[in-house]
Amino acid sequence: MKKGFFSHQLCYRRSLLSKHILYLTEGNKVDNILPFQREVSLTTFCEGVLFVVSPHFESEKEEFCRTIQKQLSENLLLTVGEAIIQNPVYLRNMADDSDSCSLYSIMTINWATARLRGDEVTLIKIL
């Protein structure tokens with residue numbers, strides 16, 4: 001059975017998608033990404049910006065957070081989603097369609113600016 005995940009924004013590979021549902025297979029491989037049109041049963045809502053990475057990301061998540069904070073402090077116009085898809089740690093760990101993936105979310109987003117609320121990156125592992 002496929003699992004669906006919905007978020008305000010989704011970072012997949014080099015794309016930043018607003019209001020899309022990510023579907024994964026039972027083996028946690030990306031099955032499909034579709035624009036949100038209506039509520040779908042068995043879909044998990046994930047607060048913030050959701051991003052898809054390889055399982056190897058786990059060992060580099062602290063470096064990822066430090067880099068995000070640096071990116072945002074150096075460019076006050078950069079949004080969190082844009083920072084993710086430009087982050088070298090993310091780029092090294094982008095999910096491959098043929099392998100299982102992990103899902104993470106940065107939750108502390110001010111949606112009026114699409115930037116962090118405060119200075120700290122709150123990273124949550126979804127899957």
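In what follows, every heavy atom counts, from backbone to side chain, and hydrogens, waters and symmetry copies are set aside.
Qualifying salt bridge (Lys or Arg N to Asp or Glu O under 4.0 Å) partners for Arg66, counting only residues two or more places apart in sequence or in other chains: none.
Nearest heavy-atom pair across Ser102 and Lys125 is OG-CE, 4.4 Å. The minimum heavy-atom distance between Gly48 and Ile109, with the atom names listed, is CA-CG1, 4.2 Å. Looking at every heavy atom in both residues, Gly4 comes nearest to Ile21 through CA-CG2, 4.2 Å. Scanning both residues, Pro88 and Thr67, for their nearest heavy atoms gives CD-CG2, 3.9 Å.
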request  = Decide side chain to side chain contact (heavy atoms under 4.5 Å, CB included) for Arg14 and Leu91; before the verdict, give the C-alpha distance in whole Å, the side-chain angles of both, and the deciding distance to 0.1 Å.
outcome  = CA-CA 8 Å; Arg14 293 182 184 264; Leu91 294 173; 3.8 Å; yes

request  = Given side chain to side chain contact (heavy atoms under 4.5 Å, CB included), test Phe36 with Leu10 step by step and report yes or no.
outcome  = CA-CA 11 Å; Phe36 176 81; Leu10 170 66; over 6 Å; no

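Side chain of Ser105 to backbone of Glu47: a donor-acceptor contact under 3.5 angstrom is found. Between the Arg13 side chain and the Ala95 main chain, a donor and an acceptor come within less than 3.5 Å of each other. The backbone N or O of Val89 lies less than 3.5 Å from no partner atom in the side chain of Glu60, so there is not a single donor-acceptor pair. Not a single donor-acceptor pair under 3.5 Å links the side chain of Thr44 to the backbone N or O of Phe5. Side chain of Ser15 to backbone of Leu17: no donor-acceptor contact under 3.5 angstrom is found. In this structure, Tyr104 contributes its side chain and Leu127 its backbone to no donor-acceptor pair below 3.5 Å. Between the side chain of Ser100 and the backbone N or O of Asn28, no donor-acceptor pair lies under 3.5 Å.
Expressed to the nearest 0.5 Å, how far NE2 of His20 lies from CD of Gln9 amounts to 11.5 Å. In this structure, Lys29 NZ and Asp99 CG are separated by 7.0 Å, a value rounded to the nearest 0.5 Å. Note that the CG atom of Asn87 and the CD atom of Glu63 stand 8.0 Å from one another [nearest 0.5 Å]. In this structure, SG in Cys11 is found 8.0 Å from CD1 in Ile106, a value given to the nearest 0.5 Å.
Inter-residue side-chain proximity for Leu22 and Leu103 is flagged as met; some heavy-atom pair is nearer than 4.5 Å. Side-chain contact between Leu123 and Phe51 is present, with at least one heavy-atom pair separated by less than 4.5 Å. Arg92 is not listed as a side-chain neighbour of Phe57, based on a closest heavy-atom distance of 4.5 Å or more. Using a 4.5 Å cut-off on side-chain heavy atoms (C-beta onward), Phe6 and Leu50 make no contact. By the 4.5 Å heavy-atom criterion applied to side chains, Thr108 and Glu120 are not counted as neighbours. Put simply, the side chain of Asp31 does not reach to within 4.5 Å of the side chain of Lys3, judged on heavy atoms. Side-chain contact check for Val30 versus Leu24: some heavy-atom pair is nearer than 4.5 Å.
Aromatic ring orientation, Phe45 versus His8: perpendicular (interplanar angle above 60°, classes split at 30° and 60°).
By the rule that hydrophobic residues join a cluster once side-chain heavy atoms approach within less than 4.5 Å of another member, Val49 and Ile33 end up as members of separate clusters. No continuous path of ILVMFWY side-chain contacts below 4.5 Å connects Ile126 to Met94, so the two sit in separate hydrophobic clusters. There is no path of hydrophobic side-chain contacts, each under 4.5 Å, that joins Val121 to Met107.
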Quick one: side chains of residues 73-81, donor-acceptor pairs under 3.5 Å with protein atoms, not counting sequence neighbours, listed by atom name and distance.
residue : atom : partner : partner atom : Å
Ser73   : OG   : Gln69   : O            : 3.3
Ser73   : OG   : Lys70   : O            : 3.0
Asn75   : OD1  : Leu77   : N            : 3.0
Asn75   : OD1  : Leu78   : N            : 3.3
Thr79   : OG1  : Glu82   : N            : 3.2
Thr79   : OG1  : Glu82   : OE1          : 3.2

